[in-house]
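Here is the structure we will look at, set down as structure tokens.
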There are 2 protein chains.
Amino acid sequence: MPGNKVHTIADLVRDFGVTARTIRFYEAEGMLTPERQGQQRLYHPRDRVRLKLILRGKRLGFTLAEIREIIDLYHAAPGELGQLQYFLDKIQERRADLEQKRKDIELTLKELEEVDRTCRQHLLELARPGSKEAAE
Amino acid sequence: MPGNKVHTIADLVRDFGVTARTIRFYEAEGMLTPERQGQQRLYHPRDRVRLKLILRGKRLGFTLAEIREIIDLYHAAPGELGQLQYFLDKIQERRADLEQKRKDIELTLKELEEVDRTCRQHLLELARPGSKEAAE
DNA sequence: TTAGAAATTGACGTTTACGTAAACGTTAAC
DNA sequence: GTTAACGTTTACGTAAACGTCAATTTCTAA
């Protein structure tokens, strides 16, 4: 039920599969800013969105510093022209990075599919009883 | 000229953009096994291939332990049937992981493209002098 | 109201993946 | 024949990203 209510830290732990320590750590790093009700933290939908972005970045091997940069790109609306150009450059950097990762993934997947085929072939040969060293 | 000659560590440093410390570290971790000529290391094409695989894995955010597993998948030819099934499972795990990363990349790329468009739109508006707050 | 569950706050510990520095051995050039 | 340049070994250092207590507070259900 992550509709649009506020959530406790335990909710996030359950929903995202991370520890409370991790969530507080991200906050200490300035990447989450939950509301405070007395001592307790209250997480709004925007916090959930941010956490989701952080975890996605982690899965892709970005450091927290890089993830912070990426998220900043999302929410920044710079006024001046110089800033805008700088931003566009940053965006291109990140895009190039992601394209490289995509290529790396395609290559690795292809290789793994090849290994997979070879394995299944072996399996088939093992399953065929009357075919011992046919090609030797 | 990485044709099929042997190379010194300095060659790898130059060709792959990593430090000698890193290369020796990977060897200490058992991920590279260069020939020894006296005290010096000599790197063969297979070492270059492995290093390339390691670096590709790093770009994708895999730990060295995971990369080791993946590379092991490449070169393993297990005999028994139980081993084969275990292998196929491992391969599926890795593939699922890579597919997840691919999805993450697609999402992030789409979002960045959106930010890019918005930025360029801003730029256009700034470049148009006689259009101050038209939609206000 | 009291025991237990959940949350918070330090504070120190740990793992990964190297960096950095010191001390030493080889070899090629001058 | 010595001085760079390159390579090696050993060992301690470090940044990132949390883990793991311990002590305390806060909330909640019986």
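Labels below follow one simple rule: chain letters A, B, ... track the order of the sequence lines, proteins then strands, and each chain is numbered from 1.
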Which parts of residues 34-41 of chain A get close to DNA chain C, meaning a heavy atom less than 4.0 angstrom away?
-> Arg36(A), Gln39(A), Gln40(A), Arg41(A)

Residues from residues 55-74 of chain A sitting under 4.0 Å of DNA chain C, heavy atoms only?
-> none

What residues form a salt bridge (charged side-chain N to carboxylate O under 4.0 Å, His left out) with [X], not counting sequence neighbours?
| X | answer |
| --- | --- |
| Glu93(A) | none |
| Arg102(A) | Glu99(A), Glu106(B) |
| Asp11(A) | Arg14(A) |
| Arg120(A) | Asp116(A) |

Does Ile9(A) or Thr19(B) map to a spot on DNA chain C nearer the 5' end, using the closest nucleotide for each?
-> Ile9(A)

Could you tell me the separation between the CG atom of Leu12(B) and the C1' atom of dC6(D), rounded to a whole number of Å?
-> 14 Å

Taken to the nearest whole Å, CE/Met31(A) to C1'/dC18(D) is 14 Å

What are the two closest non-hydrogen atoms of Lys5(B) and Pro45(B), and how far apart are they?
-> O-CD, 3.7 Å

Using the side-chain contact (heavy atoms from CB on, under 4.5 Å) criterion, which residues pair with [X]? Sequence neighbours excluded.
| X | answer |
| --- | --- |
| Val115(B) | Ile91(A) |
| Phe16(A) | Leu12(A), Val18(A), Arg48(A), Leu51(A), Lys52(A), Leu55(A) |
| Ile71(A) | Arg50(A), Leu53(A), Ile54(A), Ile67(A), His75(A) |

Any residue meeting side-chain hydrogen bond (donor to acceptor under 3.5 Å, both in side chains) with Glu114(B), in chain and number order, not counting sequence neighbours = Arg117(B)

Taken in chain and number order and not counting sequence neighbours, the residues that satisfy side-chain hydrogen bond (donor to acceptor under 3.5 Å, both in side chains) with Gln100(B) are Asp104(B)

Is the distance from OP1 or OP2 of dC6(D) to the nearest side-chain N or O of Thr8(B) less than 4.0 Å?
-> no

Tell me, please, the opening and closing nucleotides of DNA chain C, 5' to 3', among those with an atom under 4.0 angstrom from a non-hydrogen atom of chain B.
-> dA17(C) to dT20(C)

